[in-house]
J.: 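Starting off with a structure, shown below.
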There are 2 protein chains.
Amino acid sequence: MKSGSTKQQIVDAADALFYAQGFGETSFADIAQAVRISRGNFYYHFRTKDEILDAVIDKRLSDRDEMLRNWDEMSPDPARRIACFVRILIVNQAKIIAYGCPVGTLTTELAKLDHDAQDKAIRIMALFRDWLTRQFSELGCSADAEAHALHVLSWSQGVATLAQTFKDEAFVAREVDQILAWVDKVSQKN
Amino acid sequence: MKSGSTKQQIVDAADALFYAQGFGETSFADIAQAVRISRGNFYYHFRTKDEILDAVIDKRLSDRDEMLRNWDEMSPDPARRIACFVRILIVNQAKIIAYGCPVGTLTTELAKLDHDAQDKAIRIMALFRDWLTRQFSELGCSADAEAHALHVLSWSQGVATLAQTFKDEAFVAREVDQILAWVDKVSQKN
DNA sequence: TGCGTATTAGGTCAATTGTCCTAATTGCCG
DNA sequence: CGGCAATTAGGACAATTGACCTAATACGCA
């Protein structure tokens, strides 16, 4: 469908702009201009800014869900799968240095705006948390699985934040190695 | 001086509002209302929003600088001083859970706005980094001092981010213990 | 072909924004 | 006391915002 395409284009453009500029600083006009449609057409597809945010979060949720599902199928080793997650910091290094973590920065911003959608945004982080918890459980550390998951998640968030602050690629590489070593250590205990 | 007081009140109110709502989402009217002065009076003290931001960052810089200096005087043991830093996560837990880290969230926001003041905001983070580097140097790990400093700094940032996301006090306590244990381990190596 | 729905364009609206100005008030100093 | 500078008040300004409407167009199906 051409219509679905336009709607999808809007969501994609909004996704990128919310990431690069933040939700609050991105206007209808910005998104409409990025997709090169009129504001009227824009309003036909999304009546409020919150509706776009909702669609963007849905897209991010399903994108990440698909990514995690791919890793589940790709490797039978949970430690390897966790490594895939951690290495996002390397794979997306350029964007993270420029804009930070898409999940963390959105969550933080919506919390400050006290926005209705913040619960939904948190679900993306929870998706990661629960997936990581499953991986650590499969590694045999059921008792500490969620604590380990939160540990890796917060560690990654911290690296993303400082990567953006100091634009230091060597730091990112160093920390990623440390996280991977930590995961190895934990997985060899069991 | 009464005049200095008004100006200081404005900076204090702006500081709190920038932290709680973000810089972009805080308007002149918000700050003026918080101090209960007219917009005209406000304009007398600060002609642009960027001027207020500049003053707020200056205040945050000197506040943190004073805090670090106090710790330097208070304890002769670098490991103890680092522990003071880490424990901010506990001391300021309520605010961090609500609004995240004041330094990290401002840095992230200004980076997304591509704001002129972002270099100055980064200086607050650099202040922490350099202070932590000095502590680790005194601990005897000169070679890795800056890497250790960035490690502790990013770790704390990550904990703050996830604390805000999941509002989980137990997680914060757990991670702070881990950081302190890690600092102990590093300091006992030397 | 032509009809009806889906889509697009462009303009309007009140509200809010940062910025700026002028007039009134305060308070200090001679 | 009077005068002058510092401070405060309140309004005006253009620009931008999210939201809304109507008219024109495109398109699928009979």
Side-chain angles (χ1 to χ4, degrees), chain A residues 1-58 106 109-110 112-118 120-121, chain B residues 1-58 106 109-110 112-118 120-121:
Chain A
M1 266 191 287
K2 192 76 181 175
S3 69
S5 168
T6 299
K7 193 158 189 166
Q8 196 58 46
Q9 275 184 301
I10 294 175
V11 174
D12 290 346
D15 186 18
L17 285 169
F18 289 173
Y19 179 34
Q21 314 181 353
F23 168 72
E25 295 296 318
T26 302
S27 67
F28 277 72
D30 289 336
I31 305 170
Q33 193 181 17
V35 190
R36 258 173 278 190
I37 58 172
S38 64
R39 282 153 298 158
N41 186 8
F42 188 99
Y43 184 71
Y44 171 75
H45 292 285
F46 296 97
R47 307 185 76 79
T48 71
K49 210 182 167 187
D50 291 352
E51 270 184 43
I52 313 165
L53 177 60
D54 204 67
V56 167
I57 296 177
D58 276 337
L106 181 67
E109 184 182 359
L110 295 185
K112 296 214 181 207
L113 303 189
D114 199 21
H115 195 285
D116 289 331
Q118 66 179 291
K120 199 169 191 174
Chain B
M1 267 188 289
K2 192 77 183 174
S3 68
S5 168
T6 299
K7 194 159 188 165
Q8 197 57 49
Q9 275 184 301
I10 294 175
V11 175
D12 290 345
D15 186 17
L17 284 168
F18 289 175
Y19 178 34
Q21 314 180 354
F23 168 73
E25 295 296 319
T26 302
S27 68
F28 276 69
D30 288 337
I31 305 170
Q33 194 182 13
V35 191
R36 259 174 276 190
I37 58 172
S38 64
R39 283 153 296 158
N41 187 7
F42 188 99
Y43 184 72
Y44 171 76
H45 292 285
F46 296 99
R47 307 185 78 77
T48 70
K49 208 181 170 187
D50 292 352
E51 269 183 44
I52 314 166
L53 178 60
D54 205 67
V56 166
I57 297 178
D58 277 336
L106 180 68
E109 182 182 2
L110 295 184
K112 295 214 180 205
L113 302 188
D114 199 22
H115 195 283
D116 289 332
Q118 84 189 104
K120 199 168 192 175

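Chain letters run A, B, ... following the sequence lines, proteins first, then strands; residues in each count from 1.
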J.: Please state whether the phosphate of D:dT8, meaning OP1 or OP2, lies under 4.0 angstrom from any side-chain nitrogen or oxygen of B:His45.
T.: yes

J.: Within the pair B:Asn41 and D:dA9, is there a side-chain N or O less than 4.0 Å away from OP1 or OP2?
T.: yes

J.: Tell me whether the side-chain N/O atoms of A:Thr6 come closer than 4.0 Å to OP1 or OP2 in C:dT8.
T.: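 For C:dT8, OP1 or OP2 has a side-chain N or O of A:Thr6 closer than 4.0 Å.
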
J.: Among D:dT8, D:dT17, C:dT19, which nucleotide has an atom closest to any side-chain atom of A:Ala29?
T.: D:dT17

J.: Just how far, in rounded Å, is P of D:dG18 from CZ of A:Phe28?
T.: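 In whole Å, D:dG18 P and A:Phe28 CZ are 6 Å from each other.
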
J.: Write down the distance between CD (A:Gln33) and P (C:dG10), rounded to a whole number of angstrom.
T.: 14 Å

J.: What is the distance from CZ of A:Arg47 to P of D:dT22, rounded to the nearest Å?
T.: 12 Å

J.: Between A:Lys112 (side chain) and B:Phe23 (backbone), is there a donor-acceptor pair under 3.5 Å?
T.: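 Side chain of A:Lys112 to backbone of B:Phe23: no pair is present.
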
J.: So, is A:Ser27 close to the D:dT17 phosphate, meaning a side-chain N or O under 4.0 Å from OP1 or OP2?
T.: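 Affirmative; the distance criterion is met.
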
J.: Find the distance A:Gln21:CD to D:dT16:C1' and express it as a whole number of Å.
T.: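 After rounding, the reported distance stands at 15 Å.
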
J.: Side chain of B:Ile37, heavy atoms from C-beta onward: which of D:dA9, D:dG18, C:dT19 has the nearest atom to it?
T.: D:dA9

J.: Rounded off to whole Å, could you give me the CZ-to-P distance for the B:Phe42 and D:dT7 pair?
T.: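 The answer, rounded to whole Å, is 16 Å.
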
J.: Looking at B:Asp30 and B:Ser27, would you say the former's side chain and the latter's main chain have a donor-acceptor pair under 3.5 Å?
T.: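 Here the side-chain-to-backbone pair exists.
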
J.: When the distance from CD of B:Gln9 to P of D:dT8 is rounded to whole Å, what number comes out?
T.: 9 Å

J.: Determine whether a donor-acceptor pair (N or O, by modelled atom type, separation under 3.5 Å) exists between the side chain of B:Lys120 and the backbone of B:Leu53.
T.: no

J.: Report the distance from atom NZ of A:Lys49 to atom P of C:dT16, rounded to the nearest whole Å.
T.: 16 Å

J.: Could you give the CZ-to-C1' distance, from A:Arg39 to C:dC13, as a whole number of Å?
T.: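 In whole Å, C:dC13 C1' lies 12 Å from A:Arg39 CZ.
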
J.: Of A:Tyr43 and A:Asp30, whose nearest nucleotide on DNA chain D comes first from the 5' end?
T.: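 It is A:Asp30 whose nearest nucleotide is closer to the 5' end.
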
J.: Side chain of A:Glu109, backbone of A:Gly22: donor and acceptor closer than 3.5 Å?
T.: no

J.: OP1, OP2 of D:dT7 versus side-chain N and O of B:Tyr44: anything below 4.0 Å?
T.: yes

J.: Nearest heavy atom decides the nucleotide; on that basis, is B:Gly40 or A:Gly24 closer to the 5' end of DNA chain D?
T.: B:Gly40

J.: Does NZ or CZ of B:Lys7 lie under 6.0 Å from the centre of the six-membered ring of B:Tyr44, at an angle within 45° of the ring axis?
T.: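 No, a cation-pi geometry is absent between B:Lys7 and B:Tyr44.
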
